[in-house]
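First comes the structure, then the notes that go with it.
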Amino acid sequence: VCVLGEWGALECSEPVGGAEVEPPRQVEPLPDEVAETVELLKQTAAQGSYRDLAKLAAMTPDFRSNNAGMRHIEYWNLKQRTGDFPAVHLEKLLAYPHTVAGSPQGRVFIWPYMAMLAPDGITPAAAREIDRLLGAGQANELRKGGVWPGYVLGIREDGLWLYFVSGSG
């Protein structure tokens with residue numbers, strides 16, 4: 001807060017131009033098994049195709065790639081043909097920090113962490129990341145209780161890749 005002082009000088013209780021900065025998020029380190037799966041997925045996304053991703057997904061019983069009941073390769077082929085490249089989304093997600101959630105199968109490491117935020121937990125920094133990933137205005141939609149429209153990826157603590165699904169899929 002700044003006011004004009006007795007001689008016309010600006011007197012401030014805080015430094016002028018000081019930015020409000022959120023403390024950095026605490027991110028749980030990845031277990032070795034999860035880190036290995038992340039590296040494999042990054043390599044496959046960078047050098048392979050949706051077919052290679054589908055082969056990896058097929059290694060997990062009950063892997064979820066979509067909500068339409070389609071086979072992974074069919075669904076990702078459809079996404080690819082419509083210009084929605086699964087490998088590109090996978091790479092983007094893994095560039096963001098993760099969060100950890102409990103499940104009946106054990107702890108699951110989830111990317112991006114923003115997909116798991118409650119509407120009242122979306123900080124200004126998270127809102128910027130959401131809008132950068134999903135498009136302008138999406139953080140506000142989520143704050144209103146909207147459903148996460150983007151991709152989400154989950155890896156169980158033993159390194160098993162469980163899902164890579166789009167909110168619209």
Side-chain angles (χ1 to χ4, degrees), residues 22-103 105-117 121-139 141-142 146-169:
E22 296 175 23
R25 287 186 67 254
Q26 297 296 318
V27 178
E28 183 174 335
L30 297 176
D32 291 342
E33 296 87 347
V34 174
E36 289 170 13
T37 301
V38 166
E39 283 309 308
L40 177 62
L41 291 172
K42 284 180 178 179
Q43 289 172 1
T44 304
Q47 300 167 359
S49 70
Y50 71 90
R51 288 179 182 91
D52 297 313
L53 290 175
K55 287 177 189 172
L56 288 176
M59 298 169 86
T60 300
D62 301 322
F63 181 89
R64 197 174 86 195
S65 63
N66 65 88
N67 296 318
M70 296 173 72
R71 292 185 8 214
H72 317 309
I73 196 162
E74 292 170 346
Y75 179 72
W76 288 335
N77 180 31
L78 174 64
K79 296 295 253 181
Q80 187 92 5
R81 287 185 293 140
T82 61
D84 187 8
F85 304 103
V88 171
H89 288 288
L90 191 141
E91 283 186 289
K92 283 182 185 177
L93 292 189
L94 292 175
Y96 283 92
H98 63 274
T99 191
V100 182
S103 83
Q105 294 189 36
R107 294 181 329 139
V108 178
F109 291 75
I110 301 167
W111 285 263
Y113 79 94
M114 302 94 70
M116 300 300 290
L117 293 174
I122 299 174
T123 64
R128 287 188 298 275
E129 289 185 315
I130 290 167
D131 286 348
R132 185 174 56 228
L133 179 63
L134 302 176
Q138 290 300 312
E141 292 301 315
L142 292 170
V147 176
W148 179 264
Y151 283 86
V152 182
L153 183 147
I155 301 172
R156 196 169 63 195
E157 63 188 323
D158 63 0
L160 187 66
W161 188 27
L162 297 174
Y163 56 86
F164 173 53
V165 65
S166 167
S168 63

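Treat the numbers as computed from the prediction; the structure is a model and nothing was measured. Residue indices begin at 1 and follow the sequence shown.
- Between V152 and I110 there is a side-chain heavy-atom pair separated by less than 4.5 Å.
- Residues satisfying the ring pair (Phe, Tyr, Trp, His ring centres under 6.0 Å) criterion with Y163, sequence neighbours excluded, are absent altogether.
- With a 4.5 Å cut-off on side-chain heavy atoms, L117 and L142 do not count as touching.
- Partners of R107 according to the side-chain hydrogen bond (donor to acceptor under 3.5 Å, both in side chains) rule, which considers only residues two or more places apart in sequence or in another chain, are E28, E157.
- The two residues W161 and A57 come nearest to each other via the heavy atoms CZ3-N, 3.7 Å.
- Checking L30, L153, T99 one by one against F109, the side chain to side chain contact (heavy atoms under 4.5 Å, CB included) holds for a single residue, L30.
- Note on ring orientation: taking the six-membered ring where Trp is involved, the planes of F63 and W76 are perpendicular (angle over 60°, cut-offs 30° and 60°).
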Note to self: If you apply the rule side chain to side chain contact (heavy atoms under 4.5 Å, CB included), what do you find for E33 with T37, and how did you get there?
What the structure shows: CA-CA 6 Å; E33 296 87 347; T37 301; 5.7 Å; no
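- Remark: Q105 pairs with S103, R156, L162 by the side-chain contact (heavy atoms from CB on, under 4.5 Å) rule, at least two apart or across chains.
- Residues N66 and S166 have side chains not in contact (no heavy-atom distance under 4.5 Å, counting atoms from C-beta outward).
- Inter-residue side-chain proximity for W148 and M116 is flagged as unmet; no heavy-atom pair is nearer than 4.5 Å.
- In this structure, Y75 OH and S65 OG are separated by 7.5 Å, a value rounded to the nearest 0.5 Å.
- Note on residues 67-78: pairs passing salt bridge (charged side-chain N to carboxylate O under 4.0 Å, His left out), not counting sequence neighbours, are R71-E74.
- Counting heavy atoms from C-beta on, the side chains of R128 and D131 never come closer than 4.5 Å.
- You'll find the side chain of H98 stays beyond 4.5 Å of the side chain of P112, heavy atoms only.
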Please tabulate, for the side chains in residues 85-97, all donor-acceptor contacts under 3.5 angstrom to protein atoms that are two or more places apart in sequence or on a different chain.
unit_1	atom_1	unit_2	atom_2	d
H89	NE2	D84	OD1	2.4

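- Scored by the salt bridge (charged side-chain N to carboxylate O under 4.0 Å, His left out) test, R64 finds no partners at all (sequence neighbours excluded).
- Under the 4.5 Å side-chain criterion, counting only non-hydrogen atoms from C-beta, W111 is in contact with I155.
- Using a 4.5 Å cut-off on side-chain heavy atoms (C-beta onward), Y151 and V165 make no contact.
- Here the straight-line distance linking atom CD of E141 with atom CD1 of I122 works out to 10.5 Å at 0.5 Å rounding.
- Rounded to the nearest 0.5 angstrom, L78 CG and I73 CD1 are separated by 12.5 Å.
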Cut-off 3.5 Å, no hydrogens considered: what does the side-chain donor-acceptor table look like for residues 43-56, sequence neighbours left out?
unit_1	atom_1	unit_2	atom_2	d
T44	OG1	L40	O	2.8
S49	OG	R51	N	3.1
Y50	OH	N77	OD1	3.1
D52	OD2	S49	N	2.9

